[in-house]
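The figures here come from the full heavy-atom set of this structure, side chains too, leaving out hydrogens, waters and symmetry mates.
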Amino acid sequence: MTALRSAGLAAVGLAAFLGVWEAAPRLDLVNPAFLPPPSSIPAAFGREIAGGAWPRAVAESLSHYVVGLGVGAGAGIALGLLSGMFRWFESLTAWIVRLLRPIPGLAWVPFAIIWFGVQPSAAVFIIAIGVFWIVFFATQGAVRGVDRDLIEVAQAFGFRGPFARLTKILLPAATPGILVGVRTALGQAWMAVVAAEIFGVPGIGARMMQASSLLSTDIVVVYMLTMAALYGLFDTGFVALQGWLLRWRA
């Protein structure tokens with residue numbers, strides 16, 4: 001009954017939100033060119049589909065997203081494991097991390113253009129930067145949080161080398177924390193996609209900028225909702241994968 005009540009309240013809240021959004025431009029409280037009513041979105045979506053712009057933009061952004069997420073998360077896990085396992089590596093990179101960590105992903109855009117040009121590789125670079133630190137710190141913290149008693153027991157049973165310690169103890173024990181970081185990175189990567197594409201790399205971000213320059217805000221909303229839907233699909237799939245990988249905890 002509680003679940004049904006919560007679902008009902010959620011539906012009421014969403015309906016109220018859409019009602020206020022629809023009323024604001026229709027009552028001239030907001031200029032429709034600045035905020036289109038939700039009833040205009042399906043028609044705009046249909047035009048984007050019919051013209052081929054939507055599938056093309058989504059396919060291009062998905063390729064940037066998947067590669068950038070893979071590169072950034074892979075590098076974050078690898079270096080996070082090293083930093084978590086070896087104090088000397090953490091000390092060696094401590095000031096490099098403190099220097100680079102506060103720099104936002106957008107600040108790397110000029111270098112991305114200089115190094116890669118207005119190419120998909122530039123977008124991949126920006127996305128990878130955007131997710132790297134999230135996964136790095138999640139991995140480092142997960143490894144550091146492993147119970148020291150487990151490591152001592154593993155050493156007593158002969159798992160003394162770094163590789164054996166990693167594969168038999170640290171990685172299995174740290175996997176839940178690492179996966180939390182990767183799941184957070186899924187959303188961060190979509191935010192980075194727009195930042196990576198606004199300077200001309202074809203994709204959802206570039207299409208949104210083109211539409212906004214023409215005050216086609218209904219098209220902008222179409223792609224905003226597209227990113228939300230794609231994130232929801234990726235997140236749902238990842239949660240299922242996470243449950244499968246951690247089935248041993250059940």
Side-chain angles (χ1 to χ4, degrees), residues 1-14 17-18 41 45 49 54-81 84 105 120 123-124 126-147 150 166-197 203-205 221-250:
M1 191 64 180
T2 302
L4 184 61
R5 182 173 180 271
S6 297
L9 288 173
V12 170
L14 179 60
F17 170 74
L18 292 175
I41 305 305
F45 180 56
I49 289 284
W54 186 86
R56 184 167 55 250
V58 169
E60 289 164 339
S61 287
L62 278 176
S63 67
H64 306 155
Y65 175 85
V66 171
V67 177
L69 179 65
V71 171
I77 290 172
L79 294 178
L81 288 172
V124 168
I126 297 299
I127 296 165
I129 289 289
V131 305
F132 169 80
W133 293 112
I134 295 173
V135 180
F136 172 80
F137 284 114
T139 303
Q140 182 191 56
V143 172
R144 287 287 167 78
V146 174
D147 191 339
L150 289 176
L166 171 66
T167 56
K168 300 297 183 181
I169 301 297
L170 293 177
L171 198 54
T175 295
I178 295 173
L179 292 178
V180 169
V182 174
R183 186 180 179 187
T184 304
L186 292 177
Q188 180 62 37
W190 273 119
M191 290 187 278
V193 164
V194 177
E197 294 174 349
I204 289 175
V221 174
V222 164
Y223 287 102
M224 291 171 67
L225 295 176
T226 296
M227 285 190 292
L230 289 173
Y231 167 70
L233 289 174
F234 273 87
D235 186 64
T236 301
F238 186 81
V239 168
L241 175 64
Q242 187 178 33
W244 181 80
L245 290 173
L246 300 180
R247 63 193 183 280
W248 53 268
R249 297 199 305 176

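In terms of heavy atoms, Val135 sits closest to Gly181 at CG2-O, 4.1 Å. Listed here is the closest heavy atom pair of Ala185 and Ile134: N-CG2, 4.2 Å. Listed here is the closest heavy atom pair of Gly72 and Val131: CA-CG2, 3.5 Å. Considering all non-hydrogen atoms of both residues, Glu60 and Gly203 come closest at OE1-N, 3.4 Å. Contact detail for Gly105 and Ile129: the closest heavy-atom pair is CA-CG2, 4.3 Å. Between Ala142 and Gly177 the shortest heavy-atom distance is CB-CA, 4.0 Å.
Rounding to the nearest 0.5 Å gives a distance of 4.5 Å between CZ of Arg247 and CH2 of Trp244. Atom CG of Leu9 and atom CG of Leu14 lie 12.5 Å apart (nearest 0.5 Å). Taking CD1 of Ile178 as the reference point, atom CG of Leu245 lies at 11.0 Å (rounded to 0.5 Å). How far CG of Leu69 is from CG of Leu186: 5.5 Å, rounded to the nearest 0.5 Å. Put simply, CG on Leu79 and CG on Leu81 are 9.0 Å apart, with the number rounded to the nearest 0.5 Å. A distance of 12.5 Å separates CG in Leu241 from OG1 in Thr236, rounded to the nearest 0.5 Å.
Within the structure, side chain to side chain donor-acceptor pair (under 3.5 Å) contacts touching residues 174-190 (residues at least two apart or in different chains) are Arg183-Asp235.
Using cut-offs of 30° and 60° for the angle between ring planes, the Phe136 and Trp133 rings count as perpendicular.
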